[in-house]
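Here the structure is laid out as structure tokens; the discussion comes afterwards.
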Amino acid sequence: MRSVSSCRWFVLGLVLLGCAGCSSAEDASIPLGEPVLEAPTLHCLGAYWVIRGDENRNARVELRFRKAGSADWRLGLPLFRVEKEALRGSRGGTAFAVPSDAWLFAGSALLLEPGTAYELRLNLIDPEGGEAERLLACRTLAEPVRPPDLTPLYVMPGKGGGSGTAQDPFRGLAAAQARAQPGSLMLLGVGVYEGTFEVTKSGEPGHPIVWTARGDGEVILDAQGKAPEVPARAVSASDVHDVWFERLTIRRAQWGLVAHGSSRVVIRRCRFEAVKNGITATRNDGDTLRGLFISDNTLEGPLNWPRPANAGDIEEDRGIQVSGVGHVVCYNRVRNFKDAIDTFPSQRCEAIDFHNNEISECVDDGIEMDESYRNTRCFLNRLTNVFQGISTQPVVGGPVYIFRNALYNVTVEPFKMHNSPSGALMLHNTCVKSGMPVMVATSATVRNCVWRNNLFLGTDAAYAAEFTSPMAGCDFDYDGFARIRSGNLLKWNRVRYATLEEVQARSPVEKHAVLVRADQAFASGLQVPGDPAGRADPESVDLRLRPGCEAVDAGEVLPGLNDGYAGKAPDLGAYELGGDLPHFGPRPEEAAK
């Protein structure tokens, strides 16, 4: 069994960015206040802790977790030492206020069970002194369940009137909105509701206002946009809270649904079509943008694959874009946008999860984690036919966890690390593409980032991995590479390494990299695409490994992430040998309950 040595990147963190050789009085660690829990999500619990001192950067904060009432603690990935320089923020603001003589440590317990009470145990360890232990009680979110005691009110298309009974429904959404109150179940009858729906009434925690289709017929909220005059919004739900939208078709507008500054909004099993932007929640002036739950939706954008030859022709069309705190975006089907799912800058962009989404035909980025501060997570997604894979331009300190994603037919970069990201962690991802298996094509410095246990397959290229950017304080290792034509293996900080042996002997990174035969990697027989402008069928993309592939047993142990692996060591890539494929995109309705 391979030892748990990979945690050195969390311990050393920024050692490569400065001297850590001498001990002094400032080297001892002193907790500056208590650790703080982040907003919970379905599968993750994050925390951060400010530690004063430790100028030689050899302290660490171990993370263990257990279900409440259990006797056994599980080891997780340690908290991540955040680069001080990154905390100033990329837009002139301050991502997080930390004294100049202190460090921010942050991290997450990953892949937890929803709706479950847990305990986190943080242990500060420093050879120069500063031992401390803290216990944190917390609970993961459960998926929102409609309360049983809601008051049903009936709605039908129309222009006003009605009393809200089944025999005399409200006629139109405006008439229904006037009578909505916390605990109202607004049952919309089949048909077309025309114009922009202005949502002005809020529910309360445990007593939401739910807008949902009645029966099995289609309920269409149609803003009636026709080029060139397209209404701005089909549904405007900004600055409200505890409002749910379920089983609605939303169409013909610049923005399908806008929820700026809103809290505890549920958008579930809706369909967005003929919209330039699907779901947008980015304005956060009052720090009220919190706890959105966006799941099992289908979003169809207006753009065509492949990307136009003239990049200037690409419009800013995005599927789902959020900022704020504590959101879950999961099990959605998103295609034909510029970007499918993005984070966005605001005074907070933290504790947000994107997972189990089916994404395809994006003419720019499949997923953007841009402007994330810390403890945002992107995992178990499948991306097919995208120009760029997953973007981190930039991450503002981190950690941002990007793990167990499957990417197929990426045109350029699997991971877009432009604009000097700091704190991006790419762990256990698989990318298959025509051309160079992996590149980072920018002149801006990439800082304090980590790669582990990824698998990159490509075709003809001068390198298997080329990084044109300066790489500072980064730790990349235990990754697998495959390509059809031989050539230099790696370019790192302007130095070329021709062979795997040369990388292992002279390179500061990828000491444990492996070479993989691209044509024999996957049990499905899936091959590297020959043309990046082609269109692969997402449902055919099965990147589970073939027995005997060089990527099997070639990874490093990452506690809390690849526990329970089979064989001598974890496998490279998104999936452990013999495991089941995750579910991507909307689930059958019964399965989601």
Side-chain angles (χ1 to χ4, degrees), residues 305-307 360 362 365-366 382-391 402 405-418 426-442 451-469 471 476-492 496-500 502-503 507 509-510 512-536 538 540-546 549-552 554-555 571-575:
W305 178 263
R307 176 185 173 105
S360 66
C362 291
D365 304 329
R382 182 164 62 183
L383 291 73
T384 310
N385 309 324
V386 296
F387 187 73
Q388 304 271 30
I390 300 173
S391 173
I402 298 171
N405 299 286
L407 299 86
Y408 187 83
N409 198 31
V410 177
T411 303
V412 187
E413 297 165 289
F415 301 126
K416 184 179 178 183
M417 305 181 75
H418 300 180
M426 285 74 169
L427 316 170
H428 274 294
N429 302 284
T430 299
C431 179
V432 184
K433 62 185 290 290
S434 178
M436 190 180 298
V438 60
M439 68 183 76
V440 175
T442 177
W451 288 14
R452 279 296 188 279
N453 296 356
N454 302 292
L455 181 59
F456 303 101
L457 278 65
T459 56
D460 292 346
Y463 299 92
E466 180 183 20
F467 301 87
T468 66
S469 59
M471 309 295 290
F476 292 13
D477 204 355
Y478 287 94
D479 298 312
F481 305 93
R483 59 191 170 161
I484 294 173
R485 182 172 65 85
S486 61
N488 290 316
L489 182 64
L490 173 68
K491 183 178 180 181
W492 179 273
R496 296 176 176 84
Y497 304 91
T499 65
L500 182 62
E502 192 173 352
V503 168
S507 169
V509 295
E510 297 294 358
H512 303 89
V514 298
L515 299 180
V516 177
R517 291 170 291 176
D519 60 342
Q520 300 182 39
F522 303 119
S524 64
L526 195 65
Q527 298 296 304
V528 178
D531 181 6
R535 180 191 292 264
S540 72
V541 176
D542 183 346
L543 302 184
R544 289 177 290 181
L545 297 174
R546 182 195 300 270
C549 174
E550 296 86 350
V552 174
D571 302 334
L572 302 185
Y575 313 124

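Of all the heavy atoms in Arg546 and Phe522, the pair that sits closest is NH2-O, 3.3 Å. Closest approach of Tyr463 to Leu490, counting heavy atoms only: CD2-C, 3.8 Å. Nearest heavy-atom pair, Ala482 versus Pro437, reported as atom, atom and distance to 0.1 Å: O-CG, 3.3 Å.
A heavy-atom distance below 4.5 Å is found between the side chains of Val412 and Met439. Two residues are said to be in side-chain contact when any heavy atoms from C-beta on lie closer than 4.5 Å; Leu526 and Asp542 fail this criterion. Inter-residue side-chain proximity for Leu455 and Leu545 is flagged as met; some heavy-atom pair is nearer than 4.5 Å. Taking the side chain as every heavy atom from C-beta outward, Leu489 and Thr499 never approach each other to under 4.5 Å.
Judged purely by atom type and a 3.5 angstrom limit, Gln388 uses its side chain to pair as donor or acceptor with the backbone of Glu413. Proximity of a side-chain donor or acceptor of Arg382 to a complementary backbone N or O of Pro538 within less than 3.5 Å is detected. Checking side-chain atoms of Trp305 against main-chain N and O of Phe387 turns up no donor-acceptor pair under 3.5 Å. No donor-acceptor pair under 3.5 Å is formed between the side chain of Gln520 and the backbone N or O of Ala518. The backbone N or O of Val440 sits less than 3.5 Å from a side-chain atom of Thr468, completing a donor-acceptor pair.
Using cut-offs of 30° and 60° for the angle between ring planes, the His512 and Tyr478 rings count as parallel. Between Phe481 and Phe456, the ring-plane angle classifies as parallel under the 30° and 60° cut-offs.
Here CE of Met426 is found 4.0 Å from CE of Met417. Values are rounded to the nearest 0.5 Å. In this structure, CG on Leu572 lies 8.0 Å from SG on Cys549, to the nearest 0.5 angstrom. A distance of 4.0 Å separates CG in Asp479 from CD in Glu510, rounded to the nearest 0.5 Å. Atoms CZ and CZ, on Arg452 and Phe476 in that order, are 10.0 Å from each other to the nearest 0.5 Å.
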- Query: Can you list the steps and then say if Ile390 with Leu407 is a side chain to side chain contact (heavy atoms under 4.5 Å, CB included)?
  - Reply: CA-CA 9 Å; Ile390 300 173; Leu407 299 86; 4.3 Å; yes
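Within the structure, every pair that satisfies the side chain to side chain donor-acceptor pair (under 3.5 Å) test and touches residues 428-440, not counting sequence neighbours, is listed here: Asn405-Asn429, His428-Asn453, His428-Asn562, Asn429-Asn454.
The side-chain hydrogen bond (donor to acceptor under 3.5 Å, both in side chains) test applied to Ser391 returns Asp370, not counting sequence neighbours. For Tyr497, the side-chain hydrogen bond (donor to acceptor under 3.5 Å, both in side chains) criterion is met by no residue, not counting sequence neighbours.
Residue Asn409 forms a side chain to side chain contact (heavy atoms under 4.5 Å, CB included) with just one option from Pro529, Pro306, Ser360, and that option is Pro529.
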